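A short write-up of the structure that comes next.
Just so it is clear, the model here is predicted, and its values are computed rather than measured. For the single chain, residues carry numbers from 1 onward in sequence order.
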Amino acid sequence: MSILYLPLVLDELYPPNDDLIRQTVSLAITEKAKRLVIGIKSQEIKTHAHCLDAIWDKMQTVLGHLYVAQLNVAYEANAPLFDCNVVFEDVCGYFIHLEPNLTKVCLPEKDMDQVKKWNEARKEIGLNVLEVHGMSRHPTTPVQPSHQKKASGEPRRFERVAVGGTFDHLHAGHKILLTMTALVSEKSMVVGVTDDCMLTKKEHKDLIASTQERIRQVETYLRSVKRSIEYQVVPIQDPFGPTVTDPTIDALVVSKETRKGGDLVNSERDLRGYPPLALRIIDVISTHSNSIDEKDMSVLKISSSWIREYLASNKK
């Protein structure tokens, strides 16, 4: 596993960061690395760690931008399934540079001295020394990202947040959805994974992993995102899952595409005498944009269906 380490200001997106991502993803694909982690350090996230809902729109904009940047390279290299995770160092709950399966670190040349300290720490606990790949970063004027105004009222703190999906062939869209849910969950997170019995009419059903395998993949991914909360990843056999039976859930994360599903959940909760869930909404991404319009979603969005079609077309 390789890591690209990037300090970021959430209100500024630097074009050179995209170039560093391009260099690193290209290198990782060429060297057949199993996974790339983009480790992000942000003072603003650290400052708002007690209530990340306050910077929801900023975080998801930056997260989407980073995933789209790596997708651009992966698709150009005919490696659309390349595994890349974006991890926020200030909330993940562990030291990324001390992960046992890490082998290489990529970072701007001006930050190279940091790796010496990392390698000393790794040697002290019996881990391998990291290979270092330095990259040039040219000065430039930052670009101000356009943050969409959140229509959800004042920032809130949520103890238990829910999210749901099929999570087949975990892709960048899934990772953004799961990451944003974990970031605003203070104590626990509930993930409903669509059971096999609800997927019988899906195209290329034979290429969909089993329910238990998809649950395992979600659990593994979430362990890389945030280790300070409890995860409950369960199979669901209807569109609602625990969201209409668990009164302790206080928020639900949905995408623009599934916003109506969130409204249906709250209607069902009302019928059962439960308070409504706060809805938090993420953008839908494509390989070239971190926010696509509703009219383009069916064609441009990153999807498991496209991945299964790609796998079916590339069977030997």
Side-chain angles (χ1 to χ4, degrees), residues 1-10 12 14 16-50 52 55 59 62-63 66-67 69-70 73 82-137 170 175 178-180 182-183 185-187 189 216-231:
M1 181 176 77
S2 300
I3 180 173
L4 169 63
Y5 181 77
L6 289 176
L8 283 185
V9 177
L10 296 188
E12 300 173 346
Y14 290 86
N17 285 337
D18 291 359
D19 185 55
L20 294 178
I21 292 172
R22 174 172 291 277
Q23 292 179 54
T24 307
V25 174
S26 296
L27 179 65
I29 291 174
T30 299
E31 296 183 344
K32 301 186 184 306
K34 291 184 178 181
R35 178 178 296 119
L36 171 67
V37 172
I38 300 177
I40 302 302
K41 188 170 183 62
S42 164
Q43 182 59 45
E44 190 167 6
I45 289 178
K46 186 175 181 179
T47 300
H48 288 86
H50 67 289
L52 288 173
I55 54 172
M59 288 192 303
V62 169
L63 191 60
L66 294 169
Y67 270 115
Q70 69 86 19
V73 185
F82 177 70
D83 191 7
C84 178
N85 294 348
V86 177
V87 176
F88 293 106
E89 182 182 76
D90 300 292
V91 292
C92 67
Y94 62 97
F95 295 111
I96 304 173
H97 63 273
L98 294 181
E99 287 295 274
N101 56 347
L102 187 62
T103 58
K104 175 178 286 189
V105 58
C106 304
L107 74 175
E109 291 176 347
K110 68 179 183 62
D111 299 324
M112 296 285 280
D113 288 345
Q114 180 65 55
V115 184
K116 295 179 181 178
K117 298 178 181 178
W118 291 349
N119 277 333
E120 289 174 2
R122 289 179 69 87
K123 285 190 288 186
E124 287 181 4
I125 58 176
L127 295 177
N128 60 292
V129 172
L130 298 174
E131 182 184 344
V132 186
H133 183 80
M135 296 175 292
S136 298
R137 178 177 176 177
L170 212 61
K175 291 177 180 181
L178 291 167
T179 298
M180 291 304 299
L183 290 178
S185 304
E186 295 205 350
K187 292 186 177 180
M189 172 175 164
R216 185 194 66 78
Q217 290 174 357
V218 168
E219 289 174 337
T220 299
Y221 175 72
L222 288 173
R223 284 282 297 165
S224 75
V225 172
K226 189 176 181 182
R227 295 183 183 173
S228 61
I229 63 174
E230 177 187 348
Y231 294 108

Next item on the list: With the side chain counted from C-beta on, respond yes when L4 and M135 share a heavy-atom pair under 4.5 Å apart, and no when they do not.
Entry: yes
Notebook entry, point to check: Considering only heavy atoms from C-beta outward, does the side chain of T24 approach that of L36 to under 4.5 Å?
Noted result: yes
Item checked: Rounded distance [0.5 Å steps], CG in D90 versus CD in E44 -> 11.0 Å
Item checked: Distance (rounded to the nearest 0.5 Å) between T179 OG1 and L222 CG -> 7.5 Å
Checklist line | Exercise: identify the closest heavy-atom pair between G134 and M112 | finding: CA-SD, 3.7 Å
Next item on the list: Report yes or no: does N128 contribute a side-chain atom to a donor-acceptor pair with the main-chain N or O of L102 at less than 3.5 Å?
Entry: yes
Notebook entry, point to check: Is any side-chain heavy atom of L107 closer than 4.5 Å to a side-chain heavy atom of V132?
Noted result: yes
Check: Between the side chain of Y94 and the main-chain N/O of S224, is any donor-acceptor distance below 3.5 Å?
Finding: yes
Margin query: If I take atom SG from residue C106 and atom CG from residue L6, how far apart are they, to the nearest 0.5 angstrom?
Written below: 10.0 Å
Checklist line | Backbone N/O of D18 and side chain of R22: donor-acceptor pair under 3.5 Å | finding: no
Note to self: Tell me if a side-chain donor or acceptor on N119 pairs with a main-chain N or O of V129 at a distance below 3.5 Å.
What the structure shows: no
Item checked: Side-chain touch L20/P108, heavy atoms, less than 4.5 angstrom -> yes
Notebook entry, point to check: Between H97 and F95, what is the ring plane arrangement, given parallel below 30°, perpendicular above 60°, and tilted in between?
Noted result: tilted
Next item on the list: Provide the closest heavy-atom pair for A182 versus Y231 in the form atom of the first, atom of the second, distance.
Entry: CB-OH, 3.9 Å
Check: Given side chains that start at C-beta, do those of L27 and K104 come closer than 4.5 Å, heavy atoms only?
Finding: yes
Next item on the list: Find the distance between OG (S42) and CE (M59) and round it off to the nearest 0.5 Å.
Entry: 9.5 Å
Notebook entry, point to check: Short question: side chain of K226, backbone of S185 - any donor-acceptor pair under 3.5 Å?
Noted result: yes
Next item on the list: Specify the closest pair of heavy atoms between Y221 and L170, including all atoms of both residues, with the distance to one decimal.
Entry: CB-CD2, 3.7 Å
Checklist line | Interatomic spacing from CZ in F88 to CD1 in I38 - rounded to 0.5 Å | finding: 10.0 Å
Margin query: How close do V73 and S26 get, counting heavy atoms only, and between which atoms?
Written below: CG1-OG, 3.3 Å
Next item on the list: Output the distance between atom SG (C92) and atom CZ (R223), rounded to the nearest 0.5 Å.
Entry: 10.5 Å
Next item on the list: Search all heavy atoms of L183 against all heavy atoms of L52 and return the closest pair with its distance.
Entry: O-CD1, 3.3 Å
Check: So, T103 side chain and M1 main chain: donor-acceptor pair closer than 3.5 Å or not?
Finding: yes
Check: For K41, does the NZ atom sit with more than 12 other heavy atoms under 6.0 Å from it, leaving out its own atoms?
Finding: yes
Notebook entry, point to check: Is there a donor-acceptor pair under 3.5 Å between the side chain of Y67 and the backbone N or O of V86?
Noted result: yes
Next item on the list: Taking all heavy atoms of I96 and all of G39, pick out the closest pair and write down the distance.
Entry: CD1-CA, 4.2 Å
Notebook entry, point to check: Does any non-hydrogen side-chain atom of L98 lie less than 4.5 Å from one of R122?
Noted result: yes
